[in-house]
Amino acid sequence: MRRYQVFDIGGNHDYTDDQKNKAIMKKISEKCYLPMNKLLLKLIKKYDGAFKISFSITGVFIDQCKKYAPEVLESFRALAKTGCVEFLCETYYHSLAYLYSKKEFKQQVEKHKKLIEKEFGKTPKVFRNTELVFNNDLAETAKDLGFDVVLAEGADHILKKKTPNVVYTVNNCKVLLKNYKLSDDIAFRFSNKDWEHYPLTPKKFVSWIDEEEGDVINLFMDYETFGEHQWEESGIFTFMESLFGALLKKHKFVTISEASKHHSKGSLNVPRFVSWADIDRDLTAWIGNQMQENAIKELYLLENPVKTSKDLALLESWRRLTTSDHFYYMCTKWFNDGDVHKYFSPYESPYEAFIAFMNILNDIIIRIKEKNIKIPTNSYIMSSLEQEAWGGF
Amino acid sequence: MKNGLDSAFGEHKRRGVSLKVLMFGWEFPPIKSGGLGTACYDLTKGLSWNNVDVTFVMPHAPDNAEVEFVKLIGADNFSKKVQIKKIKTLLTPYLNSHGYSEIIARFKFGDGKGNADVYGENIYQEVQRLAAVAQEIANEEHHDIIHAHDWMTYEAGIEARKASNKPLVVHIHATEHDRTGGNPDPMIADIEYRGMMAADRIIANSEWTKQNVIHQYQINPDKIDVVHWGVDYDKPEYHLNHASPFKNEKLVLFLGRITLQKGPDYFIEVASNVLKFNKNVRFLIAGSGDMTPRIINRVNELGISDKVNFAGFLKGEHVHRAFQMADLYVMPSTSEPFGIVALESMKNGTPTLLSKQSGCSEVIKHSMKADFWDINLMTDQIVSYLRYNCFQQELTKYSDKEAKKFNLNDPAKKTLAIYQNVLHQWYNHSTT
C-alpha cells in the first residue's frame, strides 16, 4: 500500500504502490518461490510420489502472481498436477474477518475456495485461518462451512504438556497442531550462529524427529523461510533437499488431509484465541494497541455501507484493507527492538502505518458518501473530523 | 613515560584514583544560550558519578555579573569533582568573525569597562589569546587528559596539549556547516579542521555529525567515536504539569533559535497547511534569532497571524512550561547535530516530530520523522496526530517510556571508555 497522505483523500482512490509490489514480488520470486518450487517438483519426481507437501496460499497472493509474476503461479500449478500437493483454504484477503464479521468471513472463505478450485482443480477440504488464529468457535464455524480439518498453533497453554503430534478434536472438528519447536528450528533458528545447535544438519534434525512421540509431526512455516528469511547462502536449500531424502528413509510424508485420517486422541478446549505470532501466541500483534483497535473497528463498521453501495471497485478496495498485515505494521509493542515487525514493514514506524491506513479509510468514507449512503453515527473518523471545525476559545 | 602510563591509566583502575580531565567549554549553566551548555553540564555531572575529576575552563564575558556556580552544582559529590575556571574574553557562543568585529568595536569605543587592548583584534586572535591562557592553566593544573568542546576551544586544547604533553580529545557538538546552513565562516571552519587534525580522538554526538565531519573535513572515520546524549532525570521542572491555556485548541510547538539551521520557515509553511484541515490548532514559536522578522512577515503573508504566537526566548522553567503545554513538539532543523531539546520534550511528556537531518532521530524510535523540506509529509503527520486521539495517546505513552532510556550515565560511561582507550594508546605508543 502507498504512504497515502491527507492531501490524497477525496482525490485519489489508488491505494496500492504498484511499483513497490512488483519489485518485492520479483525479488521474492527469484529468491524463494521459484527456486523452492523447482526443488519440490524435482523431489516429488525423484521419490516417485512418496514426498508430499501442503500449501496455504491467499487469494491476494494469487492475484499478485497474475499481475506481476505469472511464472510463479505456473510453478504452483505444476506442483498441483503431481497429485502430491494439497492446497488449503483460508480467507481470500488474509484477513481477521472472523473476529469482526462472520458474514464477511464466510464470504472471503467461499471466494477463496472458488479460486483454489479454479486455479488448481481441487476443492480444498482443510481450513487454516489467517496467522493460525483459532478457538473453539472457529472449529465449529469451519465445520459448518464444510471443512473436515482445521490447523492451529500447538501453543503450550492449550496443550498443557500433551504432545502436538497427534490428531485432536475441538468441537467435533479435527485439528492438527503445529509442532512449533521443530518448525521454528528451521524457520527462525536455522542460520542463527548464537544458537546452541548451529549449524543444523539433516542428521541432527532427523534424530530429533526420531525422538518425537505420536502419529504425525506438523511442520508449518512461512514459505518465505526458504530463500528469503533464511538466505540461500545459509545453505537452506541444500539442507532441505538432503533433509527430505534422509527423512524418507525412516518416515513417511503425508498431506494434511491424509494426516487427519489418524484417529483423534482426545479433545481440546480452546476458549481464548491463539495464533502463531511472536512469543505471546495471541492477537496482540494485530489488535494490541489503541491505534490498531480503532483502525480495525472502523474498517468493519464500514462493511455494511460498502456492501450497500453495490460498487464492486469500492468493495474490492475495502476488502484489501482487511488484510491482517496492515494492522501488524501498526504494532508498537516490539518496535523498540527493531525485530521481525520492522523487518517486514514497508513503513518506517507503526505511526506511519496508522496514518496511511486512516487516510485511506477516510477516502473510503468519501466514496461511500458519494453514493448517498449514510456512515454509522459511531464512526471514529467522523467524530474525529468533527473536532476540527473552529470551536472558538 | 612508563611512569606516566602507570599513573594515568593502570593506577587509576587499580587504586580507584580519579582520572583528571582538563575540559574546555564555551558555556556552563546558568550562563548559557544553547544546548552546548546543557551538554557540558550533563557530561561533567555524569563523569562525576564515574569518579572522574573535571576542571572546566570557560570563557567569561567581562561585563557579566559573577555567578555562584557552587549553588548550581550543589554541595554533593558533583561539586567536589568539578572545578570551574573562567577566562575573561569577548567570545560568546554561536559567534562568527563578523559578530566579533562588532563586539570588539563596541567594547573599544563604547562604555567598555577595563582595558580593551587585552582582547584580540579579530575572532582568530581572540581564540589564540584564549589558547595562550589555556597553556598557562595546563601547566598549573594537574590532569591526565584534555577534552575540548567545539571550535572556540580547539586552539586552547592544542596549546594545552603542547604544554602538558597529555592527549587531546575534541568533541563536535555542531560543525560550522550546521550552524550556517552550509555557508561556513572560513576562519571558523579552519579552526575546526585544525582542531580535529590535532586531536588524538574525536567524539561526535551522532552518526549524522560523524558523517558530516567526514564529508566536510575529510577526517579519517576511524578516528571518530559517536556518543549520543542523554538528559538529566531528576529535575523537578519535568513534573510541573502545566496545562495549556488554549482550551479548545491543540498546541504545536517550535522551540529553538529562529535561525536558518532550525528550520522555522518550514514550520510556518506546515502550520499554514495544517490549518487548512484543522481550525482548532495553535502554533507557538519559542526562541529568538536573526530570522525573526522574516518569519513574522511570512506569518502575516499566509494570513495565519491569529493562529501563531511568538513567545520570545525562553529560559529555565518557562522552557518546561512550553513543552508541557504543547501537544506536539516539531523540530524541522535543516541540520541538527544531535538535538537534545527533543529529549527534553519527551521528558516533559510531549511527543516529537523530528527532522531526519538530525542526530537524535537516529536513536529516538517513538516519534514521527520527516525530511525537513517535506512540508506535505509533516502536514500529513501533524493533521493525523491531532485528528486521532488514540494516535496521540499511543505515541505519548511510548515517547514517555522511551525518554527514560536516555540518561546521563550512559554517555559519561562511553566517554570514560574513550578516555581510557586514548590513554592506553598514548602511553603504549610513547613507550615503543
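Naming: A, B, ... by sequence-line order, numbering from 1 per chain. Heavy-atom basis, side chains included; hydrogens, waters and symmetry copies ignored.
The closest side-chain heavy-atom distance from B:C390 to A:F354 is below 4.5 Å. Taking the side chain as every heavy atom from C-beta outward, B:R387 and A:L385 approach each other to under 4.5 Å.
Annotation: the span from A:Q387 atom CD to B:N389 atom CG amounts to 5.0 Å, rounded to 0.5 Å. Atom CG of B:L377 sits about 7.5 Å away from atom CD1 of A:I355, to the nearest 0.5 Å.
No donor-acceptor pair closer than 3.5 Å links the side chain of B:N278 to the backbone N or O of A:A389.
Nearest heavy atom pair, residue B:Y388 against residue A:M358, reads CE1-CB, 3.6 Å. Closest non-hydrogen pair, A:Q5 versus B:N376, comes out as OE1-CB, 3.5 Å. Of all heavy-atom pairs between A:V6 and B:V383, the closest is CG2-CG1, 3.9 Å.
Of all residues in residues 289-296 of chain A, those placing a non-hydrogen atom less than 4.5 angstrom from a non-hydrogen atom of chain B are A:N289, A:Q290, A:M291, A:N294.
No more than 12 heavy-atom neighbours from other residues, nucleotides or ligands sit within 6.0 angstrom of NZ on A:K369. Within a 6.0 Å radius of NZ in A:K103, other residues, nucleotides and ligands contribute more than 12 heavy atoms. By the 6.0 Å contact criterion, CD on A:Q19 is open, its count of non-hydrogen atoms from other residues, nucleotides or ligands being 12 or less. Annotation for B:Q211: atom CD counts as buried by contact number, over 12 foreign heavy atoms lying within 6.0 Å. Within a 6.0 Å sphere centred on NZ of B:K413, heavy atoms belonging to other residues, nucleotides or ligands number 12 at most. Within a 6.0 Å radius of NE2 in B:H318, no more than 12 heavy atoms belonging to other residues, nucleotides or ligands are found. For A:R2, the CZ atom sits in a packed shell: over 12 heavy atoms of surrounding residues, nucleotides or ligands are nearer than 6.0 Å.
With sequence neighbours excluded, the residues forming a side-chain contact (heavy atoms from CB on, under 4.5 Å) with B:S399 are B:M346, B:P351, listed by chain and number. Annotation: side-chain contact (heavy atoms from CB on, under 4.5 Å) contacts of A:N378 (sequence neighbours excluded): A:L301, A:P376. The side chain to side chain donor-acceptor pair (under 3.5 Å) search around A:S309 returns none, not counting sequence neighbours.
Using a 30° and 60° split on the angle between ring planes, B:F391 and A:Y351 fall in the parallel class, below 30°.
For B:Y385, no part lies near chain A; criterion is any non-hydrogen pair under 4.5 Å.
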